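Lettering follows sequence order; numbering is per chain, from 1. This one's a predicted model, so the numbers in the text were calculated from it and none came from an experiment.
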Amino acid sequence: MNRGRILLFATLRDYTGSRSLEMEIPAGTTVAVLTEMLIKAHPRLEKVRTSMMTAINREYARDEQVIPENAEIAFFPPVSGG
Amino acid sequence: MNRGRILLFATLRDYTGSRSLEMEIPAGTTVAVLTEMLIKAHPRLEKVRTSMMTAINREYARDEQVIPENAEIAFFPPVSGG
Amino acid sequence: MDSPTYLALTQDAISPDDLIARITTPGTGAVVLFTGIVRGITTHGETRQTSHLDYEAYSPMAEEKMKQICVEIRERWSAVEGIAIAQRIGQLDAGTITTVIACSAGHRDSGVFEAARYGIDRLKEIVPIWKKETGPDGASWVEGHYHPAAGE
Amino acid sequence: MDSPTYLALTQDAISPDDLIARITTPGTGAVVLFTGIVRGITTHGETRQTSHLDYEAYSPMAEEKMKQICVEIRERWSAVEGIAIAQRIGQLDAGTITTVIACSAGHRDSGVFEAARYGIDRLKEIVPIWKKETGPDGASWVEGHYHPAAGE
């Protein structure tokens, strides 16, 4: 078990009301599972389920990727800079 | 007959030693004929004969074009700005 | 060959003059610069007005991705010498420069046009920055569309 | 649609910042700017050094031809809003901006990249400007190659 810090941006920040969250992340948790945990904790995220993206240690992550210990985790919508 | 003023630029200025020349230009003179007159007056221009260009009233001119009266005439090498 | 790289994620005004100077080397004969500007009036589709945009960034990752874009550009256009990428964040009014991508090279036929185009396309795909648009009808987040592959 | 046009044949320093501001309209979301710079070191072919270039222009015709390039750009890329073309003349040291072509539009996919590229290509073909290069071995005129058709 590992207390993880999750960063949230743009619409995800608005829907959760937070810039960052702390969550208990069991060892072996994948990105897909963590996404479900996050949506369960913040049901308003349901509507961006298919568009939200995850970065682990500042790199775009795969759904099946296992979250390493002490990772920097971020969830956000598709980018719109420029 | 018409006393014409001819502007010269870049290498043509160097070869003639002048920024502008005055020449007697008979009525009906074409660009090709004027070019020959100019080379005859300034034989160093022989070596740029094939590359030199003519503008009449600030527009690229054809060899067979007749020089109108009171025209602004310019001779110069291919451009190299930018 | 000098290969200056200048990256900025900044709250301050972006100066193309300054960025061009930063990527001008003794071998530079050509710079192509793209700049994005806050449109006050958008006429693609339905016409709408924008008073300002608010940009936010996931800064450390954005800086990493800007570096990555430079690597990608240099892999594709080996004649590119200098690269500058700047993105301004915070509240930006209509008419304000939001981003600049500039590439320098010896000559204009070296890929600098394509490299700058590639740079702005990639910035809009992979750099984690978002903007919220405020107009007469209120504010809303601008939706991106691209989903980078893992590790992209 | 606003269509500002700004042309300059000048002895003074050219500021891309200034030119971008001049062609930014309420509808502008993208500007592509090309700038030519005096190369101190040229490595195309044999390596050579340049200390400065001296530019001269047939000014009234050059201004006409710069206008013509704007017309040609607008005929080809109707989405282009603003166009700025500037050429500096006089003695310009290595590292100095010699020319700028900038085009503005609502969006980057509107032809602004192609329009700016076309602009600099045409400037080097039809605008009567010449440069003499001075380096360690003395000075010589740079040879152009393009022969415009009559009336081009």
Side-chain angles (χ1 to χ4, degrees), chain A residues 4-23 28-36 38-39 42 44-68 70-82, chain C residues 9-10 14 34-39 53-69 85-90 92 97-101 116-133 139-152:
Chain A
R5 187 177 191 73
I6 297 171
L7 305 174
L8 300 160
F9 294 93
T11 42
L12 276 65
R13 180 161 54 71
D14 287 356
Y15 292 152
T16 60
S18 304
R19 283 183 184 280
S20 77
L21 299 169
E22 301 240 328
M23 287 182 79
T29 299
T30 61
V31 167
V33 168
L34 182 63
T35 303
E36 291 307 320
L38 189 65
I39 294 173
H42 298 275
R44 290 187 65 202
L45 294 178
E46 187 63 56
K47 65 164 112 173
V48 290
R49 170 197 287 279
T50 57
S51 65
M52 65 200 259
M53 301 194 291
T54 315
I56 304 293
N57 294 331
R58 308 173 184 176
E59 192 51 88
Y60 292 104
R62 233 184 320 275
D63 279 353
E64 57 276 26
Q65 193 170 327
V66 172
I67 316 257
N70 302 315
E72 182 174 306
I73 306 162
F75 283 88
F76 48 76
V79 308
S80 61
Chain C
L9 193 63
T10 176
I14 297 171
F34 171 87
T35 177
I37 293 174
V38 179
R39 262 191 313 280
L53 298 173
D54 286 281
Y55 282 80
E56 78 170 53
Y58 173 17
S59 299
M61 181 170 171
E63 285 164 2
E64 290 294 322
K65 290 295 161 187
M66 286 160 74
K67 273 185 217 164
Q68 178 182 321
I69 292 170
I85 304 181
Q87 168 79 47
R88 190 167 175 189
I89 52 179
L92 304 183
I97 290 178
T98 62
T99 191
V100 164
I101 314 279
R117 173 72 200 241
Y118 180 86
I120 182 61
D121 287 349
R122 289 298 275 163
L123 184 137
K124 287 173 173 270
E125 287 178 348
I126 66 168
V127 180
I129 298 167
W130 303 270
K131 59 183 169 235
K132 187 184 245 176
E133 183 173 351
S140 61
W141 287 99
V142 176
E143 291 278 332
H145 299 290
Y146 190 78
H147 281 254
E152 179 172 342

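Of the N and O atoms on the side chains of C:Glu152 and C:Tyr146, at least one donor lies less than 3.5 Å from an acceptor on the other residue.
For the pair C:Glu133 and C:Arg39, the salt-bridge criterion is not met [side-chain N within less than 4.0 Å of a carboxylate O]. Using a 4.0 Å cut-off between a side-chain N of Lys or Arg and a carboxylate O of Asp or Glu, A:Glu72 and A:Arg5 do not qualify as a salt bridge.
With a threshold of 4.5 angstrom between heavy atoms, C:Val127 approaches chain A through N, CA, C or O but not through any side-chain atom. Both the backbone and the side chain of A:Ala10 come within contact range of chain C, each with at least one heavy atom under 4.5 Å from a heavy atom of that chain. With a threshold of 4.5 angstrom between heavy atoms, C:Lys124 approaches chain A through its backbone and through its side chain. Contact annotation for C:Ala57: only backbone heavy atoms (N, CA, C, O) come within less than 4.5 Å of a heavy atom of chain A. Heavy-atom distances place the side chain of C:Tyr55, and not its backbone, under 4.5 Å from chain A. C:Ile101 does not touch chain A: none of its heavy atoms, backbone or side chain, sits under 4.5 Å away. For a residue to count as touching a neighbouring chain, one of its non-hydrogen atoms must lie under 4.5 Å from one of that chain's; by this rule A:Asp14 touches chain C with the side chain only. If you measure heavy-atom distances from C:His145 to chain A, the contacts under 4.5 Å come from the backbone alone.
Between A:Phe9 and C:Trp130, the distance from one ring center to the other falls under 6.0 angstrom.
Annotation: maximal heavy-atom pairing with chain A below 4.5 Å, among C:Glu64, C:Gln87, C:Glu125, C:Lys132, occurs at C:Gln87. The most heavy-atom pairs under 4.5 Å with chain A, out of C:Ile126, C:Ile120, C:Ile89, C:Thr99, come from C:Ile126. Between chain C and the residues A:Ser51, A:Pro77, A:Gly81, the largest count of heavy-atom pairs under 4.5 Å involves A:Gly81. Most heavy-atom pairs under 4.5 Å with chain A: of the set C:Met61, C:Arg88, C:Lys65, C:His147, this distinction falls to C:Met61.
Proximity of a side-chain donor or acceptor of A:Ser80 to a complementary backbone N or O of C:Val142 within less than 3.5 Å is detected. Put simply, the side chain of A:Gln65 gets close to the backbone of A:Arg62: a donor and an acceptor are under 3.5 Å apart. The main-chain N or O of C:Leu53 is never found under 3.5 Å from a side-chain atom of C:Lys131 such that the two would form a donor-acceptor pair.
Using a 4.5 Å heavy-atom threshold, the side chains of C:Ile129 and C:Leu9 count as touching.
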